[in-house]
There are 4 protein chains.
Amino acid sequence: MRSFEVKNRTSAEDIKKLRLITAVKTPYLPDGRFDLEAFDSLMHMQILNGAEGIIVGGTTGEGHLMSWDEHIMLIGHCVNCFGMSIKVIGNTGSNSTREAIHASEQGFAVGMHAALHINPYYGKTSLQGLISHFEAVLSMGPTIIYNVPSRTGQDIPPSVIEAISQNSNMAGVKECVGNDRIRDYVDKGIVVWSGNDDQCHDARWAFGATGVISVVSNLVPGLIRELMFQGKNPSLNGNLMPLIEWLFREPNPIGLNTALAQLGVVRPVFRLPYVPLPVERRIEFVNIVHKLGRKNFVGDKGVQVLDDDDFILVGRY
Amino acid sequence: MRSFEVKNRTSAEDIKKLRLITAVKTPYLPDGRFDLEAFDSLMHMQILNGAEGIIVGGTTGEGHLMSWDEHIMLIGHCVNCFGMSIKVIGNTGSNSTREAIHASEQGFAVGMHAALHINPYYGKTSLQGLISHFEAVLSMGPTIIYNVPSRTGQDIPPSVIEAISQNSNMAGVKECVGNDRIRDYVDKGIVVWSGNDDQCHDARWAFGATGVISVVSNLVPGLIRELMFQGKNPSLNGNLMPLIEWLFREPNPIGLNTALAQLGVVRPVFRLPYVPLPVERRIEFVNIVHKLGRKNFVGDKGVQVLDDDDFILVGRY
Amino acid sequence: MRSFEVKNRTSAEDIKKLRLITAVKTPYLPDGRFDLEAFDSLMHMQILNGAEGIIVGGTTGEGHLMSWDEHIMLIGHCVNCFGMSIKVIGNTGSNSTREAIHASEQGFAVGMHAALHINPYYGKTSLQGLISHFEAVLSMGPTIIYNVPSRTGQDIPPSVIEAISQNSNMAGVKECVGNDRIRDYVDKGIVVWSGNDDQCHDARWAFGATGVISVVSNLVPGLIRELMFQGKNPSLNGNLMPLIEWLFREPNPIGLNTALAQLGVVRPVFRLPYVPLPVERRIEFVNIVHKLGRKNFVGDKGVQVLDDDDFILVGRY
Amino acid sequence: MRSFEVKNRTSAEDIKKLRLITAVKTPYLPDGRFDLEAFDSLMHMQILNGAEGIIVGGTTGEGHLMSWDEHIMLIGHCVNCFGMSIKVIGNTGSNSTREAIHASEQGFAVGMHAALHINPYYGKTSLQGLISHFEAVLSMGPTIIYNVPSRTGQDIPPSVIEAISQNSNMAGVKECVGNDRIRDYVDKGIVVWSGNDDQCHDARWAFGATGVISVVSNLVPGLIRELMFQGKNPSLNGNLMPLIEWLFREPNPIGLNTALAQLGVVRPVFRLPYVPLPVERRIEFVNIVHKLGRKNFVGDKGVQVLDDDDFILVGRY
């Protein structure tokens, strides 16, 4: 089910060059459907501030809380409206090989530039199973493999990455295990993006990572652009640390969702099982914004501490 | 769940001007999945020969045999690859208002230029129910209403069309009831496309129809373009009649599917409940092609009579 | 995907004996989900008053407004709670052969006693296509074929019924074309149920029909039981006519939905595209109830004329 | 969407008494659909050998590789055919609260006796999010909470379990963290099942666990029945260890799937990303069977070493 139209031709090489990829947040309407207007606005902020790629429906974008038709629709929407300005990378991975195949076929059919594939989390499998899983989807188009054992319960070992790296669609690895692992891959000629905002400066400038697939760039895209493009900058990196630490005190995207709502760029709507950070944390965020400078953050409204009652939590949508 | 991006802005006025819209066939791989490569090729034939719009997943395109995610994916694919050259009209209608709402939201989100909406076939409803059904979707974007009582079991009467015609998204009506009905609408300033290939010449040149939403244009797009654009031409219209009559001897798209397979432009794969025409009819088609001229038909292979064994019928896909 | 457990073994012969089958209404909660408590109560009324079978998710039960998982769940629920007292016949038909296959497999897997299969409405197909469609599902278990051209746009001709009648799973036909057609089938040894409440008395007592698949029995199950079991009764039949005529003035189940809400046995919730009958009709219904006797109707609350504001119409659910 | 029919009333107390619950394997046909006949046969082996409950579509049963409609169908099938003989516990958990709500509603509607709920794996959430997630489903019926951080990436801490333990539907915890955690819960009056076959003997007889939710009982149900009912038996426990160790060398259910295929009770069909154990391991299994005694294992065919070519791996199904 391939299409060879010009609009559907992106090479893995095009993906390998990206230094700043944002795992973009999915905003919601009060009934839990996508807030496309807010989403479009987030996309413009990313493009304007220098992000070169986005992950649609990643863990940050809460792909695991979407139905597949919502997910593919959002990918198609991004391709149509923003595909000329930014690379659209669909998180069409799944712990079910069937779903990963189906979603990747559909994602490439609607024009996504690359797929992000996770190893089978929760269900897990053997090393041979991992290779079979990835091989089932690699034929479809440019692919980034995503390793985050703290979520999946299973590390993708270098032997698996190396086994699939011969495939011409293999663009590289989003690696969360740390910078030593990154250096190993770089030494073997494998492209790597850091998946940890707190390590990405060093990953990029000291360990050979190509760039970052970032969460914090949802908030301060211009600063992360600077961090990835303008050379070593421990001072900027240091200034960002309080924000990054704040962001990951609870499982992502809880912090991000809370932050974007307080910045006034998305409605304060959470799809369960995510719930907002408590008020103490929400106050901390406002202080962090003031310290780092409101102008460095997305949006142009004043940052505010939202009340518990301002948040809407949706279980059925 | 609206997006206001430039790429998502088409007006009903843009749709009202289209004279030749093809209800494009959906070709399949032997396992029943979409054959996107063949589909892209059909699209190029349409664009090259002057079709100005396509219906994706209409009754001709067998939308009723698609899952909704397949359907929306195909719309997104068309928008991405061909949306600059042709208007993409998604058949996001359903006999379930919920499905029509959901599909239309998704279709517009992936950038379709207009929606085609049928009245609730099979389930049917009251006149007030019809109006409520159409009003539930008209807010989303440019819309063509489709009336084909021989399929739906229920005529959409002029009173319903008039009631919803005030809506600025109402582009017009695809009308299959006949040319007198068409004239009535034209007299009231309502845009109409003929939904009957055998009546479209007169509809266009004698009854005021804007154009046609055509099945036969899948086969001879250039001739139908001529029929809709070059003025009254009873001679061409007469020459086309044997083809058109052949095409509709069994419920559409049985004839079309058989014809395109024999022209070598799609694989001879049928999703059940459709089955190919019997061999006598298949021989007739080859004769019709020779008489009308192979060059007027899509594709560049010789037309051939396929054997019963050449066809693949799929029930699970 | 067959199961041969005792609980999954029903023969077509068991189905052929049923005289009163009710096409049961599906009641809703205000948010559009199933109101299972009200449904269970309707089921008890049917069982208590002598219905021998139910159609789950028929056109009356608005199967076309259900997702397939809702539909199969409702079948499974009926089997589990009521399968010992009444035959559960799932409307697992579809105009898509794929869907009909999938739904029938699932329906039999959860224990339904028989399937109801419609011909492919709206999409339609050739006679050979009809036979292929029905043959694709007949192997799975006892099956009733449903012919209602006023909804489907296509009559199932006797030649098709006869072709598939050799199959041992073929239980019979729900026929809406009229009593002459019924007699023809009876003469050929094919079991038939009338699908028209207004003709069912004569169908049963003068034309050889086995019984009725009834809508009006939702309202007055005891009287329809009497009509089908106690011999010719033109007087009772005549008394029922005003109710039956009232019930079908608008496409079913609009009248039924309105009636059951006014009898206080279901919440006044409509899934679009159905909307309640206007107030004049609602007043008529109360008069009909009083004339025929409240005690003959289901429920034990007083019948009342509901206000427009009492009704909830849901498009998203 | 509750039903209060007798058949839908199971209390948490009924669940709390179960000592041997098998996380039953789901067998497949060569095209990847369920092999219901084989499944029914596995169910009879469980019932005959004394299992008191089954988990349908757990991680062992590969619920994460099912579509939800397949999953609910399998639950409904179990309830209908075996619900009188064994408690049917549906794994209607998900990392998406929406899916967990929807699946649990449907599972209880088709009559399951209890739900198994996992915390949101992969996506993870805060402690408050965990509580909100579980509270969203606990109202529906008897519930077992499942803690397996090696799969989910996040431990459910005792504080969360205690917070939800007030709910009358809370039946207990399937705990994989170890026997000390189990003792803590037991001391607080919370019912616990060991989720680790290698620890279950001690859990039951030394730490107060009520019983086990077992994988190995798919293979040797009679022995595990003995282990859970007949008092402390370190000798039997020791004899089982080689089998249990063999079973979990690769992520479950890889070992179980391989074993059941070699015992001739299921077809050697794997849904990807699972692949069979290599031939060295397959030989080991045959030796283990001979040592422990073929008669203690399910099925009555000879155990055999399958060839690589005997296995069918399916990615699309």
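Chain letters run A, B, ... following the sequence lines, proteins first, then strands; residues in each count from 1.
In terms of heavy-atom pairs under 4.5 Å with chain B, the best-connected choice from Asn8(A), Leu29(A), Asp31(A) is Asn8(A). Your options are Asp69(B), Ile75(B), Ile72(B), and the one with the most heavy-atom pairs under 4.5 Å with chain A is Asp69(B). With respect to chain A, the highest number of heavy-atom pairs below 4.5 Å among Phe4(B), Phe39(B), Trp68(B) belongs to Phe4(B).
Side-chain atoms of Gln46(B) come within 3.5 Å of backbone atoms of Ser217(B) as a donor-acceptor pair (strictly under, hydrogens ignored). Checking side-chain atoms of Asn80(B) against main-chain N and O of His77(B) turns up no donor-acceptor pair under 3.5 Å.
Atom CD in Glu52(A) sits 12.0 Å away from atom CG in Asp14(A) (nearest 0.5 Å).
Looking at Phe108(A), there are no atoms closer than 4.5 Å to chain B (heavy atoms on both sides), in backbone or side chain.
Between Met170(B) and the options Ile164(B), Ile15(B), Ile144(B), a side chain to side chain contact (heavy atoms under 4.5 Å, CB included) holds for only Ile164(B).
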